[in-house]
Amino acid sequence: MKNLVILDNPLVKRDVTILRDKLTNSKDFRAALDRVSYSLVIEIAKSFELVEHEVETPLEITKGFKFRKQIVLVPVLRAGLSMVSSFLEMIPDAKVGHIGLQRDEKTLQPIDYYYKTPNKLGESLTILLDPMLATGGSAVASFNSLKEKGANNCILACLISAPEGVDKMFVEHPSVPIYTAAYDRQLNKNGYILPGLGDAGDRTFGTY
Ligand code: PRP
Ligand code: URA
């Protein structure tokens, strides 16, 4: 599907299984989520534009590379926080913004409670981090806010996505590539992804 990259990697499939398993405790859940996040950042980085420059080794001058754009990571609170450390470990000079959204349990509409991103989003590559793309309401609202602040080169990184959320992103933000570790079947009547992994925030932070 155009603009949807589904990771195809045995390491990821094994770890997504650990994440799905209702018997996995928060400690093991966070560890598996870290590992999948590493695979996501490695896949996403294949699309980064590079600029060549000279580097002097102890022996001679050769060709080196740096990223063309500043990378800005934006986790969606709370569950997105769990993806930050892996991304930052691989991109230590990334800047980090935060968007606070809470899905209303009845209407499923996102309610925003926090927004803070670095300046100059227009010159950056902005990567939104959120493990779950369900109805797509939170991702669409996040990109609406980011684009209002000037972001024009954006990527969505998630663990599990549902067709409903992917379709909504294709309509509302067709220029944003989506990278996902798994593309699941559907939503249930409460807006949870099936088969999914349950509530990502609760399972990460043990709030159940
Ligand atoms: C979860 C998840 C996404 C959102 C996805 O967050 O982390 O942000 O739901 O659902 P959507 O695609 O239907 O908008 P939640 O609102 O449960 O908040 P939390 O991270 O604080 O648990
Ligand atoms: N948010 C979650 O944490 N899980 C879902 O399945 C849907 C939204």
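First listed ligand is number 1; within each ligand, the first listed atom is number 1.
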- Tell me, which protein residue and heavy-atom name are nearest atom 5 (C) of ligand 1, and how many Å apart are they? M132 O, 3.4 Å

- Can you figure out which of G100, G136, G165 has its heavy atom closest to atom 12 (O) of ligand 1? G136

- Item | Check: K66 main-chain N/O paired with E52 side-chain donor or acceptor under 3.5 Å | no

- Query: Do V76 and ligand 1 have an N or O pair less than 3.5 Å apart?
  - Reply: no

- Item | H173-K147 side chain donor-acceptor pair, cut-off 3.5 Å | yes

- atom 11 (P) of ligand 1: nearest protein contact (heavy atom, Å): T135 OG1, 3.4 Å

- Query: What protein heavy atom sits nearest atom 19 (P) of ligand 1, and how far off is it?
  - Reply: R78 NE, 3.6 Å

- Query: Only one of I193, T180, L33 forms a side-chain contact (heavy atoms from CB on, under 4.5 Å) with L159, so which one is it?
  - Reply: L33

- Item | Worked check of salt bridge (charged side-chain N to carboxylate O under 4.0 Å, His left out) between D184 and R20 | CA-CA 11 Å; D184 276 6; R20 291 193 194 282; 2.7 Å; yes

- Please determine if D202 and R78 form a salt bridge, counting it only when a charged side-chain N lies under 4.0 Å from a carboxylate O. yes

- Taking the six-membered ring of F29, is the NZ or CZ of R35 close enough (under 6.0 Å from the centre) and on axis enough (within 45°)? no

- Consider ligand 2: state whether an atom of it lies below 4.0 angstrom from any non-hydrogen atom of G191. yes

- Task: Compare C158, G201, A79 and give the one whose heavy atom is closest to atom 20 (O) of ligand 1.
- Result: A79

- Task: Taking only heavy atoms of Q102 into account, list the atoms of ligand 1 that are under 4.0 Å away from them.
- Result: 16 (O), 18 (O), 21 (O)

- Item | Closest protein heavy atom to atom 15 (P) of ligand 1, given as residue, atom name and distance to 0.1 Å | R103 N, 4.2 Å

- Task: Could you check atom 14 (O) of ligand 1 against the protein and tell me its nearest heavy-atom contact, residue, atom and distance included?
- Result: S138 OG, 2.6 Å

- Task: Taking atom 1 (C) of ligand 1 as the reference point, report whether a protein heavy atom occurs under 4.0 Å from it.
- Result: no

- Note on the structure: atom 17 (O) of ligand 1 has as its nearest protein heavy atom D199 OD2, 4.1 Å

- Message: Please classify the D130 to ligand 1 contact at 4.0 Å (heavy-atom distances, strictly less than): side chain, backbone, both or neither.
- Response: side chain

- Any idea which of A134, G201, G198 brings a heavy atom closest to atom 4 (N) of ligand 2? G198

